[in-house]
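What follows is a single structure, written as structure tokens, with notes after it.
No experiment lies behind these values; they were computed from the predicted model shown.
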Amino acid sequence: MSVSRRSFAFDLASLCAPTLAGLKPASLFRYQPGAGQSGSAMAAAWHAALCDRGVAVRVLKTCPRTGAVLVYVYRPAQMDTLFKNCDVLHFLQSEGYRPGTADALLAQLSQRLCCEGDFPHEVGIFLGYPLADVVGFIQNHGQNFTACGHWKVYTDPAAAQQQFARYKKCETIYTRCYRRGTPIRRLTVAA
């Protein structure tokens, strides 16, 4: 029995469910296109299909060797609000980001993903993780966390576990609905 390749749409519906539902400002997944497919073209098509629902889809990085793409699915309005937070902006500046619009900050993240040897752990900010947990992860080099789920927790493990449970429930429901034929546009809560 052969293992079938997951589709871009399946990964979008299942891995990005909390973002599609409006529970989370952004999600990130890696997708390996099949022969003759373009991950960038798929992302662009889904962006066109979902942008009027308040969801954007873009490729942050493409592997030149395998063609795999790192796909960022986000709610621009939520990201704009996040990037207006002075503490978040100060942190990003301390990590070397130049102030700017959400699009400008995403372009800088994309550049770091493509051109730096080390993974930019500040990506947690771009995924809506609590600032204190992102800072804790960087300062502790990923060690000494108090809980682990969608991210490593350094502040309030009880609150984080509740959020992880909400995300997991959403992912389960969306995956089930998608497998039963519910279109992704219908699963996407309009902004």
Q) Which pairs with one or both residues in residues 172-191 pass salt bridge (Lys or Arg N to Asp or Glu O under 4.0 Å), sequence neighbours excluded? A) D52-R185
Q) Got L70 and V59 here, is their nearest side-chain heavy-atom distance under 4.5 Å? A) no
Q | Approximate separation, where rounding is to 0.5 Å, of I184 CD1 and C177 SG | A | 12.0 Å
Q) Taking the side chain as C-beta and beyond, is there a heavy-atom pair between S27 and L15 under 4.5 Å? A) no
Q | ring pair (Phe, Tyr, Trp, His ring centres under 6.0 Å): pairs with one or both residues in residues 127-148, sequence neighbours excluded | A | H121-F137, Y129-W151
**Q.** Residue pair T155 / T146, side-chain heavy-atom distance below 4.5 Å
**A.** no
Q.
Could you measure the distance from the OH atom of Y97 to the CG atom of L105? Nearest 0.5 Å is fine.
A. 8.0 Å
Q.
Test salt bridge (Lys or Arg N to Asp or Glu O under 4.0 Å) on D103 and R58; report intermediate values, then the result.
A. CA-CA 11 Å; D103 279 340; R58 70 190 280 178; 3.6 Å; yes
Q. Given F126, which of Y72, F83, Y74 fulfils the ring-ring contact (aromatic ring centres under 6.0 Å, His included) condition?
A. F83
(Q) Return the CD to NZ distance between Q78 and K24, rounded to the nearest 0.5 Å. (A) 10.5 Å
Q) Under 4.5 Å between any side-chain heavy atoms of P99 and L89, yes or no? A) no
Q. Between atom CD of E122 and atom CD of Q108, what is the distance when rounded to the nearest 0.5 Å?
A. 10.0 Å
(Q) Just verifying a value: how many Å separate T19 OG1 and L50 CG, rounded to the nearest 0.5 Å? (A) 11.5 Å
Q | Check: F29 ring centroid to F8 ring centroid under 6.0 Å | A | yes
